[in-house]
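Encoded as structure tokens, the structure appears first; notes follow it.
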Amino acid sequence: MDLDVTRAQQAFREEVRAFIRDRLPLDIRERLRVGHPPRKQDTVTWQRILNERGWAAPHWPRQFGGAELGQMERLILLDEMYRAPAPLPQVFNVTMLGPVLMKFGTPEQCEYFLPKLANLDLWFCQGFSEPGSGSDLASLRTAARRDGDQYVVNGQKIWTTTAHLADWVFALVRTNAEGRKQEGISFLLIDLKSPGITIRPIYSIDGEHHLNEVFFDEVRVPVGNLVGQENRGWDCAKFLLGNERTGIANVGLCRERLDLAREMASRTCESSARLLDDPKLRCEFAVLDAEIRALEVTNYRFLLTPSAQQALPAFASVLKLKGVELQQDVNALLARLAGPAGLERRGADDILHGPLTPRYFYSRAASIYGGTSEVQKDILAKAVVG
């Protein structure tokens, strides 16, 4: 990488850092810093601020409201948001659905939905997983039958993140039961205010409501809400799941949490000595520092080298696996440093004592969502070991 490019990238980092410092509301930063997840309004407020600069959807073309940032600039932007910390743009809107619409959607769908996705005027959730159809997604059974200019949808989705906050869901539905199971799936956009939809909460081990069951009972959806071709929704799903890898390693998140752990250890005393002065703990910090740096370098090498992605696309599974392990290790360290106080139940607006131990519990789910660790290991076993 030549010096001029490096200077340009450093200038961009400083620009992003200054923008976040000047525009990110302090109350949002403080809540996230102590470990609270962003509230819906936090994400909406910050995404709309980012959207003024085209940074809500930085990889989108300018014609659709993006900034057409290169891979390195996107990594810098993501890293600085993690390090602030600031809420990330809503992933289902920006990372998942937006690119699918640009590739498979009609001009009318792009014109209507894309500005609303970037500005978070509509909040989408993802309706993929079903009871019995998680890792084997193509076995899904939620059905949509054609009735004139509408589809009638019946079935159930599960583990639907933020469905209770969402306005719409993009869902995979079965429109043909014949032939290979991948060939009878369609990709529908469904308004969650439609009659016949029931959303039931699932509370996770951290005591929070992130997940839901969503039931469809004779739900009518206009045919105009079909993305791509009928029975070709598997193409959309594959593109969606393989399209975005920039944040898969969670390097910035691990760094920000480790910085908080170091701060806690420096101000917490045991027998009149700072925890940070303990040689074993200092060694643990050094190991985690080195692991995160190694992951960061590996992440850059893979994402910034197109030939590496083409030669071994399955290597993204390494980033996912190692990123999850480090995220869990750092959260475990934070929970240990917090001790019994980390288990205290406090209000969602309490920014003096964050929910460190509940956040540790929730970090265990990182081995499951986005593709389980076992599936990632299977992918690597086939692609690398043979």
Side-chain angles (χ1 to χ4, degrees), residues 13 16-17 20-21 24-39 42-43 46 76 78-88 204-208 210 247 249-297 299 322-367 369:
R13 184 179 291 276
V16 171
R17 194 171 288 172
I20 293 174
R21 182 182 61 245
L24 176 64
L26 184 60
D27 63 316
I28 296 177
R29 183 196 299 261
E30 284 303 303
R31 290 187 74 260
L32 268 63
R33 190 184 68 82
V34 297
H36 290 291
R39 298 165 295 192
D42 296 340
T43 301
W46 178 237
I76 290 170
L78 181 66
D79 187 59
E80 288 300 320
M81 283 196 284
Y82 270 131
R83 295 292 294 271
L88 300 186
S204 47
I205 194 171
D206 62 347
E208 297 289 339
H210 313 279
N250 288 319
V251 174
L253 174 62
C254 293
R255 281 200 178 282
E256 188 274 326
R257 293 288 85 188
L258 189 61
D259 287 345
L260 176 63
R262 189 176 285 107
E263 177 192 327
M264 288 179 60
S266 69
R267 58 181 165 81
T268 304
C269 294
E270 186 175 63
S271 301
S272 73
R274 294 190 315 162
L275 291 181
L276 192 58
D277 295 329
D278 180 86
K280 289 185 177 179
L281 186 58
R282 292 177 72 87
C283 180
E284 189 170 351
F285 273 113
V287 169
L288 286 170
D289 256 330
E291 292 265 11
I292 293 171
R293 178 57 179 160
L295 179 63
E296 181 178 41
V297 171
N299 192 38
K322 196 60 185 177
V324 163
E325 289 176 5
L326 284 173
Q327 182 182 340
Q328 292 174 339
D329 288 346
V330 174
N331 274 287
L333 175 60
L334 278 166
R336 278 175 28 224
L337 292 172
L343 288 168
E344 293 182 20
R345 289 287 178 186
R346 297 177 181 270
D349 294 318
D350 184 346
I351 62 170
L352 294 178
H353 300 83
L356 293 175
T357 300
R359 295 305 293 166
Y360 159 73
F361 288 146
Y362 188 69
S363 74
R364 309 313 298 172
S367 304
Y369 59 69

remark   = Heavy-atom closest pair (Leu24 atom, Ala84 atom, distance to 0.1 Å) is CD2-CB, 4.3 Å
query = Any side-chain heavy atom of Leu88 within less than 4.5 Å of one from Leu78?
reply = yes
query = Are Arg255 and Glu296 within salt-bridge range, i.e. N to O under 4.0 Å?
reply = yes
Atom of Gly323, atom of Leu295 and distance for their closest heavy-atom approach = CA-CD2, 3.8 Å
key: Asn250 and Tyr82: side chain donor to acceptor below 3.5 Å   = yes
task = Identify the two heavy atoms, one from Arg31 and one from Pro37, that lie closest to each other, and give their separation to 0.1 Å.
result = NH1-O, 3.5 Å
request  = Evaluate the side-chain proximity of Leu275 to Cys269: yes if any heavy-atom separation is below 4.5 Å, no if none is.
outcome  = no
key: Within-4.5 Å side-chain heavy-atom neighbours: Tyr362 and Ile205   = no
key: Between CZ on residue Arg282 and CG on residue Asp278, distance to nearest 0.5 Å   = 9.5 Å
ask   = Is there a donor-acceptor pair closer than 3.5 Å between any side-chain N or O of Arg257 and the backbone N or O of Gln327?
value = no
query = Given side chains that start at C-beta, do those of Arg364 and Asn331 come closer than 4.5 Å, heavy atoms only?
reply = no
query = What's the shortest heavy-atom distance between Tyr360 and Ala335, and which atoms?
reply = CB-CB, 4.0 Å
query = Considering all heavy atoms of both residues, which atom of Leu281 and which atom of Ala265 are nearest to each other, and what is their separation?
reply = CD2-CB, 4.0 Å
request  = May I ask you to say whether Arg267 pairs ionically with Glu263, meaning some side-chain N is under 4.0 Å from a carboxylate O?
outcome  = yes
request  = Under the side-chain contact (heavy atoms from CB on, under 4.5 Å) rule, what do Val34 and His36 come out as? Steps first, then yes or no, please.
outcome  = CA-CA 6 Å; Val34 297; His36 290 291; 3.7 Å; yes
message = Run the side-chain contact (heavy atoms from CB on, under 4.5 Å) test on Asp259 and Arg262 for me, step by step, so that the C-alpha distance in whole Å, both residues' side-chain angles and the decisive distance to 0.1 Å come before the verdict.
response = CA-CA 5 Å; Asp259 287 345; Arg262 189 176 285 107; 3.6 Å; yes
query = Counting N and O atoms only, with roles assigned by atom type, does the side chain of Asp42 sit under 3.5 Å from a partner on the main chain of Arg39, one being a donor and the other an acceptor?
reply = yes
Heavy-atom closest pair, residues His210 and Ser204 = CD2-OG, 3.2 Å
query = Can you check whether Leu334 reaches Arg359 side chain to side chain, under 4.5 Å on heavy atoms?
reply = no
message = Any salt bridge linking Arg21 with Glu80? Criterion: basic side-chain nitrogen under 4.0 Å from a carboxylate oxygen.
response = no
task = Evaluate the criterion side-chain contact (heavy atoms from CB on, under 4.5 Å) for residue pair Trp46 and Ile20; output intermediate values, then yes/no.
result = CA-CA 10 Å; Trp46 178 237; Ile20 293 174; 3.9 Å; yes
note = Here the gap from Leu260 atom CG to Leu333 atom CG, rounded to the nearest 0.5 Å, amounts to 9.5 Å
inquiry  = Under a 3.5 Å distance rule, please check whether Asp277 uses its side chain to pair with a backbone N or O of Ala273 as donor and acceptor.
reply    = no
task = Indicate yes or no: at least one non-hydrogen side-chain atom of Leu32 is less than 4.5 angstrom from one of Pro38.
result = yes
request  = Indicate yes or no: at least one non-hydrogen side-chain atom of Pro85 is less than 4.5 angstrom from one of Arg29.
outcome  = yes
ask   = When you look at Thr268 and Arg274, which way does the side-chain contact (heavy atoms from CB on, under 4.5 Å) test go after all the steps?
value = CA-CA 6 Å; Thr268 304; Arg274 294 190 315 162; over 6 Å; no
task = Rounded to the nearest 0.5 Å, what's the gap from CD on Glu256 to CG on Leu253? Could you check?
result = 7.0 Å
query = Taking atom CZ of Phe361 and atom CG of Leu356, what is their separation to the nearest 0.5 Å?
reply = 12.0 Å
Nearest-0.5 Å distance that lies between atom CD in Glu284 and atom CG in Asp289 = 11.5 Å
inquiry  = How long is the straight-line distance from CD1 of Ile76 back to CZ of Arg13, given to the nearest 0.5 Å?
reply    = 5.0 Å
